[in-house]
Amino acid sequence: MRNNLPIDETQLWDDLMALAELTDPGRPWTRRAFTPMFLEGRAFVARRMQEAGLAIRLDAAGNLIGRREGRFPDHKTIVIGSHSDTVPDGGRFDGTAGVMAGIAVARSLQQDGAELDHPFEVIDCLAEEVSIFGLSCIGSRAVAGLLTPEQLERPEPDTGEVLRDAIDRMGGDVAYLAEARRDDIAAYLELHIEQGPILQDERCDIGIVTAISGITRLEIVIEGRADHAGTTPMNLRQDALAGAAAAVSVIAKDASRRAKAGHGHFVATVGEFRVEPNAANVVPSRVTLLVDARAEERSFMEGFVAELRPLILRAMSGTGARITEFRAISDNRPALSDPLLLDVLEQSTEALGLTPRRMASGAGHDMAWFSRIAPSAMIFVPCKDGRSHTPEEWSEPGEIAAGAAVLLDAVLRLDTLLA
């Protein structure tokens, strides 16, 4: 990896570490959206934006935007974005590395006296992580015009506050939410830690993200019959949990088979499991499974969903259990990166003497929503052992600086390529 990158690595690292210190007491590193600590982090980000020569504002959806005007005001805007909120007890780099890298790009432009033809923005998107309202990517959904009235009325379970009021509390103005929708973006770029081990294991510097996998979540309800666990003979049982265990096994086997089939990224996980009545001396009568499946290719996901129910029914044979509900509770299609932006990011990576690798993302990101309205792409930087959403999440200073340098070079290239 090169050491003479056109980014102030020390300042970028210091900014990241200072932002990380703004965390809930005793919970490294926790700065959830809609909390007072999140607002403290936002104030820090805003100061750094201003110091880098960006004019700041909050849009109606509560996105923090730092803007640098271009030579031609009628040109569309080149945007670097990500988020500054965290998951509970999360890491210091997820999201924040992308925001601070964008600010580092702005700082380099300012220090070099560079004047772009296009306006340039850094956006800290509101609530990319799943929030207390059970919804993720709130700010970027609004930018795409896809934050629905029903979603705005979602209540926070403990206080009853609804999302629309919380957005206003963060400095947005939901009464004018339509104004947050953008149609003036020439290109959206995002840097993120990989959240996986591929770049580290293959000794690659930069991941060029070709697509963000679509995410489909299925709710499967398996029912049997409650009976006394001590007196009901095994051959007379209708054991919902035995049926559910068979279902989990077949889901894992089918997902492994599909992952090896050569159709890009595919995973499936049973991540939620509710047993009723959940008593030691009662044969389980009902089990609810939540399946999280992610696929780079939409047709592959459709095949998985279509074939899954018959596979489970065969696996449950002999348990006495039956499927009473099988439904998709959410279904987001894959988000494909723009081919021109992918080529530019790859050219920038190679021009800096860094090693690129094209790859898909299995996790969701704000880029998926920006891709609905503008050419979009993102890059990954390595993270230690692929770990993320944990206090042990880690990337090296030079790895993040290298990613920021790629963004800077790409912005300069795009400024001449785009009308």
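Heads up: numbering here begins at 1 and tracks the sequence. All values below were derived from every heavy atom in this structure, side-chain atoms included, with hydrogens, water molecules and symmetry-related copies excluded.
Looking only at atom types and distance, the side chain of T30 has no donor-acceptor partner in the side chain of D24 under 3.5 Å away. Counting only N and O atoms by type, the side chains of S285 and E276 include no donor and acceptor under 3.5 Å apart. For the 3.5 Å distance criterion, the side chains of S82 and E190 qualify, holding a donor opposite an acceptor. Side chains of D415 and H118: a donor-acceptor N/O pair is present below 3.5 angstrom, by distance only. Using modelled atom types and a 3.5 Å distance limit, the side chains of R413 and S348 yield a donor-acceptor pair. Side-chain contact, H83 with E128: a donor N or O sits under 3.5 Å from an acceptor N or O.
Contact check for D205 versus T349: no side-chain heavy atoms found under the 4.5 Å cut-off. A 4.5 Å side-chain heavy-atom check between H365 and S140 finds every atom pair outside the cut-off.
Ionic pairing of D85 and R31 is not present here: no N-O contact between side-chain nitrogen and carboxylate oxygen is shorter than 4.0 angstrom. The residues E307 and R258 are annotated as salt-bridged, a charged nitrogen and a carboxylate oxygen being separated by less than 4.0 angstrom. Here E325 pairs with R327 in a salt bridge; the nearest charged N to carboxylate O distance falls below 4.0 Å. Taking the charged nitrogens against the carboxylate oxygens, R274 and E272 do have a contact shorter than 4.0 Å, which makes a salt bridge. Under the 4.0 Å criterion applied to side-chain N and carboxylate O atoms, E153 and R164 are assigned as salt-bridge partners. By the 4.0 Å N-to-carboxylate-O rule, R294 lies close enough to D292 to be salt-bridged with it. Classification of R67 and E69 as a salt-bridged pair holds, one side-chain N sitting under 4.0 Å from a carboxylate O. Under the 4.0 Å criterion applied to side-chain N and carboxylate O atoms, R182 and E121 are assigned as salt-bridge partners. A salt bridge links R27 with D89: at least one charged nitrogen is closer than 4.0 Å to a carboxylate oxygen. Between R169 and D165, none of the side-chain N atoms (NZ, or NE/NH1/NH2) sits under 4.0 Å from a carboxylate O, so this pair counts as no salt bridge.
Considering only residues two or more places apart in sequence or on other chains, T159 meets the side-chain contact (heavy atoms from CB on, under 4.5 Å) condition with E156, E161. Residues that satisfy the salt bridge (Lys or Arg N to Asp or Glu O under 4.0 Å) test with R309, not counting sequence neighbours, are absent from this structure. Shown here are the side-chain contact (heavy atoms from CB on, under 4.5 Å) partners of S388, two or more places apart in sequence or in another chain: D94, I193, Q195, E393.
Looking only at distances, a side-chain donor or acceptor of N63 sits under 3.5 Å from a matching main-chain atom of L126. Under a 3.5 Å cut-off, the side chain of D117 and the backbone N or O of F72 do not form any donor-acceptor pair. Distance alone, capped at 3.5 Å, places no donor-acceptor pair between the Y188 side chain and the A374 backbone. Although no hydrogens or angles enter the test, the distance criterion places no donor-acceptor pair under 3.5 Å between the side chain of S317 and the main chain of L313. Side chain of R68 to backbone of E115: no donor-acceptor contact under 3.5 angstrom is found. Q347 contributes no side-chain N or O that, together with a main-chain N or O of A351, makes up a donor-acceptor pair within less than 3.5 Å. A donor-acceptor distance shorter than 3.5 angstrom exists from the side chain of D239 to the backbone of L241, with no hydrogens or angles considered.
Among residues at least two apart or in separate chains, ring-ring contact (aromatic ring centres under 6.0 Å, His included) pairs with a member in residues 124-179 are F34-F133. Contacts classified as side chain to side chain donor-acceptor pair (under 3.5 Å) and involving residues 328-340 (residues at least two apart or in different chains) are given here: T216-D331, R298-D331. Contacts classified as ring-ring contact (aromatic ring centres under 6.0 Å, His included) and involving residues 141-172 (residues at least two apart or in different chains) are not found.
Going from atom CZ of R107 over to atom CE of M100 covers 7.0 Å, rounded to the nearest 0.5 Å. Atoms CG and CG, on L345 and D409 in that order, are 9.5 Å from each other to the nearest 0.5 Å.
If you run side-chain contact (heavy atoms from CB on, under 4.5 Å) between T96 and each of D15, I400, L19, only L19 comes through. Of the listed residues (V411, V99, L191, I103), just one forms a side-chain contact (heavy atoms from CB on, under 4.5 Å) with I80, and that residue is V411.
Relative orientation of the W394 and F93 rings is perpendicular, given thresholds of 30° and 60° on the angle between their planes. Using bins of under 30°, 30° to 60° and over 60° for the plane-to-plane angle, the ring pair F380/H192 lands in the perpendicular bin.
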